[in-house]
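Before any comments, here is the structure.
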2 protein chains.
Amino acid sequence: MDSVKIEFNFDTVKIKVFNPLMKSSKQHYHHGNLTKSLLDSASQIIREEGVENLSMRKLADKVGVSRTAPYHHFKDKNALLCVLAEKGFHDQQKMLTSLIKQNLSAQDGFKQYVHLYLSYALEHSEIYDLMYGRAIWKAGYPSESLKEASKQTFKCWIDWVSKLQGQHILATNNTPLRIGQTTWASLHGLARLFIDGIYLDKTDLSQMSEQMIKNLCSHSSTRV
Amino acid sequence: MDSVKIEFNFDTVKIKVFNPLMKSSKQHYHHGNLTKSLLDSASQIIREEGVENLSMRKLADKVGVSRTAPYHHFKDKNALLCVLAEKGFHDQQKMLTSLIKQNLSAQDGFKQYVHLYLSYALEHSEIYDLMYGRAIWKAGYPSESLKEASKQTFKCWIDWVSKLQGQHILATNNTPLRIGQTTWASLHGLARLFIDGIYLDKTDLSQMSEQMIKNLCSHSSTRV
DNA sequence: TTACGATATGGACAGCGTCAAGATAGAATT
DNA sequence: AATTCTATCTTGACGCTGTCCATATCGTAA
């Protein structure tokens, strides 16, 4: 182990020296928990540098492992991105359900949801982009479990829309599905304009989201 | 010209044979109109294969020119994408102004606009993605003329929103800017969900856009 | 002890954007 | 008509990417 090794590879001679002063005296050939490390580091990279600056090689390097090691834990880059996106859905789901449990008034509940949805989207913009962007859904291919997670999140949203319609917060002139789709599209569009860098001045956001809430709610008898 | 040429390049010998049966007997060293050819071919590639499958090398190859030739016409890939996006804005602008000139009733005019906006977005989804996506605005950098084009398109939209507010088609509870921003965000969001592959079934689109129109218009006294 | 499966490695390949140096052609100038 | 200039096009090179392959090592089960 802690020794000088000499390998003969055809025409090259390599010498590996294991320095006993290195951080850990135990030199693990196996990383131990590479899957998790990869996901954590990948999250950090996309948070700090954007999703287009995440490369498998850079990631492997950051974790301190050879460039092909990640491929024993994820089929390919797309698979890794799918897992990140899936985690995003679970986080978002948790957020939503905890909000619903708070048992706010319907009015406040929806307002809070809009703000929470938008702040999640902007604060985790790179994850949001994976969850709802073309990188996976169009350029790549969503994993089955990702499809499942997104479907469940959507279903949960539609159920809630149905309740909000019952309380005359959202429009009642169509099915929960259609109202859910269009309402979500509106929020998504607002989020995307900021996430994609079309709008930069985030001081406008609060006014825009306030107005969006008015747009979405003012179909009901009780105006906001 | 129409001859066998022998070049001695250090250690390689290349023989170019100009076949007189080729389409054009004149063999141009200069392409002639490479800028336009590049833009046309690039449009075709992104239309057929998506924006992520456009590479400078593939493009050069398609046009029949060496891989670095395009760099004499566009500073870099970003610059080429900017020109494509800018053309998109001009097209869209033309579309909008021709619709306004038709002098439809305000109600019909807006409805038509929504349908036109969405059909443009979906039919030219890759160009739309360049115009309003992160590839240029976040991952890349918009050219000055692109910024100008987008600003002008937006200004034109806000002016029209103002008129629609005057005719009580759109909500009047905020400035044209805010109403314009949120209304646009809603349309944009709907477009993106289809463009990015989140929604695939386009038979739903017409119902969704109908409902979106209702959402956006029903603030006024005259319901749709 | 041995065999095996999970995990890690380096080599290799094809692709990418783009810089730098050199070649060529057509137009402008002498 | 000869020369110079400039726009255009070329090949070579560099460093980056995703990922396949054969190989090496480790922990564990037989």
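Residue numbers start from 1 in every chain, and the chains themselves are labelled A, B, ... in the order their sequence lines are given, proteins ahead of strands.
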Nearest-Å distance, NE2 (A:H72) to C1' (C:dG10)?
-> 12 Å

Is it true that A:E123 and A:R47 have a side-chain N and a carboxylate O under 4.0 angstrom from each other?
-> no

Atom NZ of B:K75 and atom C1' of C:dG17: how far apart are they, to the nearest Å?
-> 11 Å

Positions of residues 58-68 of chain A (non-hydrogen atom under 4.0 Å from DNA chain C), listed by number | A:V65, A:S66, A:R67, A:T68

Is A:R134 paired with A:D129 through a side-chain N to carboxylate O contact shorter than 4.0 Å?
-> no

Mind calculating the distance between CG (B:D76) and P (C:dG17) to the nearest angstrom?
-> 11 Å

Can you pull out how bent the helix from C:dT1-D:dA30 to C:dT30-D:dA1 is, comparing the axes over its first five and last five pairs, to 10°?
-> 20°

Are B:E126 and A:K138 ion-paired here, with the side-chain N under 4.0 Å from a carboxylate O?
-> yes

In whole angstroms, how far is the P atom of C:dA6 from the CG atom of A:N33?
-> 17 Å

Establish, yes or no, whether a centroid distance under 6.0 Å links the rings of A:Y132 and A:W184.
-> yes

Interatomic distance, B:E52 CD vs C:dG17 P [rounded to whole Å] | 13 Å

Do A:Q44 and A:D40 have side-chain atoms, one donor and one acceptor, less than 3.5 Å apart?
-> no

To the nearest angstrom, the CE-P distance between A:M56 and D:dC20 comes to 10 Å

Atom CG of A:N53 to atom C1' of D:dG18: distance rounded to whole Å?
-> 16 Å

Taking 4.0 angstrom as the limit, do A:R57 and A:D61 come out as a salt bridge?
-> no

Verify the distance criterion only: is there a donor paired with an acceptor across the side chains of B:E210 and B:H115 at less than 3.5 Å?
-> yes

Is any NZ, NE, NH1 or NH2 atom of the basic residue among B:E144 and B:K147 found under 4.0 Å from an Asp or Glu carboxylate oxygen of the other?
-> yes

Taking D:dT19, C:dA8, C:dC16 as options, the one with an atom nearest any side-chain atom of A:L34 is C:dA8

Rounded distance in Å - NE2 (A:H73) to C1' (D:dT19) = 16 Å

Hey, which of B:L96, B:L164, B:L118, B:I100 is the one that makes side chain to side chain contact (heavy atoms under 4.5 Å, CB included) with B:Y113?
-> B:L96

Along DNA chain D (nearest heavy atom to each residue), the more 5'-positioned of B:R57 and B:A69 = B:A69

